[in-house]
There are 2 protein chains.
Amino acid sequence: MSHPPASQIPAPQAKDRDLKFRERISARIIAATEAIIVAEGLSAVQARRIATDAGCSVGTIYNIFGDIDGLILGVNTRTLHALGEELRAAQRRMEGQNLEGRLMALAVAYLDFATVNRRRWRAVFEHRLPESRDTPPDYVEDRRALLALIEAELAAAIPDPAAREDAAHALFAATHGNVLLAIDEKLGPFEPDRCERQIRFLVHAVTGSIGAAAEAGRAADR
Amino acid sequence: MSHPPASQIPAPQAKDRDLKFRERISARIIAATEAIIVAEGLSAVQARRIATDAGCSVGTIYNIFGDIDGLILGVNTRTLHALGEELRAAQRRMEGQNLEGRLMALAVAYLDFATVNRRRWRAVFEHRLPESRDTPPDYVEDRRALLALIEAELAAAIPDPAAREDAAHALFAATHGNVLLAIDEKLGPFEPDRCERQIRFLVHAVTGSIGAAAEAGRAADR
């Protein structure tokens, strides 16, 4: 194994400085992109404009994020983390409540997050990667962590992991659909109370149904 | 009341001819717009390109549809009608089945329509009118007619009209959310069977829940 001459190896402090510089500029680029999304939505995101706002070159953006899609995934990751924090906070507040109450707390926290962070939330779902490109594993993991919050709630009622994952996906997508069509006023004017009532109708039905199934399972075991 | 001189009143035949010309050119503009949406999606819709494809001037488009939003609503109205025909066909095929089977038939027809007519279907939900503008009454009526298909199925199980409307909205939005996130691969790769399984989980829970509520209502009446 050959070593590069000592003069070519950056001193540890210099390497740290480079890494810190990269982190700082990357954070500035993400902040600039997020600000554009918050103000005008995903369609306003343009590399040249972000470079101006972040005080760097367009080349630096591509160097750090690969392309605009990589940068948008970076912003959307931050949004998923912020959403996750809200959902976990709602979960903590509802400790000791029954399943319906706990699932509703998650759903209402989701509705509130979408209402308050409308454009950032929308960007997560509006952004589509080119068909040739797979979603990065880190992003898949962040998404899975959110769904795991719902799965954890269902653990006692649905012991089978595959059925539980299906149920969590179904509940999340049902809540998302109700929130999205309400906020976009696709079925009528936006009424948060009405949206919450609709989600409660579904969550009440689901908790009743899986409660009855679990009861039947226990009876069969006896 | 003053009348215009006879020479300024168009002969009935000429008026008919004008109307027919307007209908013909309007149909050509809508067809050209729909073709662009089918090929490239809503974001590719541009007045100049449509004018070229339809063989008319940009002024004619604005003259007939008011603006691009009016034109897109025209295309989306056609999509809602096509969707309505599929849903009604599914309903006819399921005559005599129980409520769960009938609601699932509607949901699966919706999933199929969205899968086959992906970009047209997407355009209905991606298009947002400027906040200053109300949705035209005809479009609201077309949308209501689709939701009425679900409400009709629920009539026996949920006698209260307001609760029934909520339930129909909840079910439609839940199905839409599951179909949208599946097709957009937002929770994982698109698997139509999995999407159908998730929707069945919800529909089964809802029909069980409203069946039990109706039964309790009947018991209270006795």
Side-chain angles (χ1 to χ4, degrees), chain A residues 41 43 76 122 124-129 131 134-135 139-140 143-144 146-147 158 162-189 191 193-213, chain B residues 41 43 76 122 124-129 131 134-135 139-140 143-144 146-147 158 162-189 191 193-213:
Chain A
S43 61
N76 287 349
R122 221 191 267 288
V124 170
F125 295 96
E126 276 183 354
H127 178 243
R128 286 196 289 275
L129 282 172
E131 283 188 22
D134 287 339
T135 311
Y139 194 82
V140 170
R143 195 169 68 187
R144 209 204 49 73
L146 287 182
L147 289 163
I158 312 182
R164 186 161 70 233
E165 197 186 329
D166 269 4
H169 280 207
L171 275 169
F172 174 73
T175 305
H176 177 75
N178 274 276
V179 170
L180 179 69
L181 296 188
I183 286 184
D184 280 354
E185 309 205 307
K186 282 296 176 185
L187 305 181
E191 300 168 41
D193 288 353
R194 181 171 193 179
C195 181
E196 192 177 326
R197 213 162 62 222
Q198 290 174 194
I199 296 172
R200 189 178 297 279
F201 168 79
L202 296 165
V203 166
H204 175 77
V206 164
T207 49
S209 175
I210 61 182
Chain B
S43 61
N76 286 350
R122 222 191 267 289
V124 170
F125 295 96
E126 277 183 353
H127 178 242
R128 288 197 287 274
L129 282 173
E131 282 186 22
D134 286 338
T135 311
Y139 194 82
V140 170
R143 195 168 68 186
R144 210 205 48 73
L146 287 182
L147 290 163
I158 310 179
R164 188 161 70 232
E165 196 186 329
D166 270 4
H169 280 207
L171 276 170
F172 174 75
T175 304
H176 177 75
N178 274 275
V179 169
L180 180 69
L181 296 187
I183 286 184
D184 280 355
E185 308 203 309
K186 282 295 175 188
L187 306 180
E191 300 169 41
D193 288 353
R194 181 170 195 179
C195 180
E196 192 177 326
R197 213 162 62 222
Q198 289 173 195
I199 297 171
R200 189 178 298 279
F201 169 79
L202 296 165
V203 167
H204 175 77
V206 164
T207 48
S209 176
I210 60 183

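- Once rounded to the nearest 0.5 Å, the distance linking CG of A:L171 with CD of B:Q198 reads 9.5 Å.
- Between chain A and the residues B:R128, B:H176, B:E126, the largest count of heavy-atom pairs under 4.5 Å involves B:R128.
- At a 4.5 Å heavy-atom cutoff, the contact between A:R122 and chain B is made by side-chain atoms alone.
- Between chain B and the options A:G208, A:A205, A:A170, the largest number of non-hydrogen pairs under 4.5 Å is found for A:A170.
- Residue contact with chain B, scored on non-hydrogen atoms closer than 4.5 Å, involves the side chain of A:L147 exclusively.
- Among the candidates B:R194, B:R144, B:H204, B:R197, the residue making the largest number of heavy-atom pairs closer than 4.5 Å to chain A is B:R194.
- For A:E165, the parts sitting under 4.5 Å from any heavy atom of chain B are the backbone and the side chain alike.
- Interface remark: A:I199 contributes no atoms to any contact with chain B (heavy atom separation under 4.5 Å).
- When B:L129, B:L187, B:V206 are compared by the number of non-hydrogen pairs under 4.5 Å with chain A, B:L187 comes out ahead.
- Closest of all the heavy-atom pairs between B:H127 and B:N76 is CB-ND2, 3.8 Å.
- Interatomic distance, CG of A:L202 versus OG1 of A:T175, reported as 7.5 Å (0.5 Å rounding).
- Of the options B:V179, B:L181, B:L180, a side-chain contact (heavy atoms from CB on, under 4.5 Å) to B:C195 is made by B:V179 and by none of the others.
- Of all heavy-atom pairs spanning B:D184 and A:F125, the tightest one is OD2-O, 4.3 Å.
- Within the model, atoms NE2 of A:H169 and CZ of A:R164 stand 12.0 Å from one another, a figure rounded to the nearest 0.5 Å.
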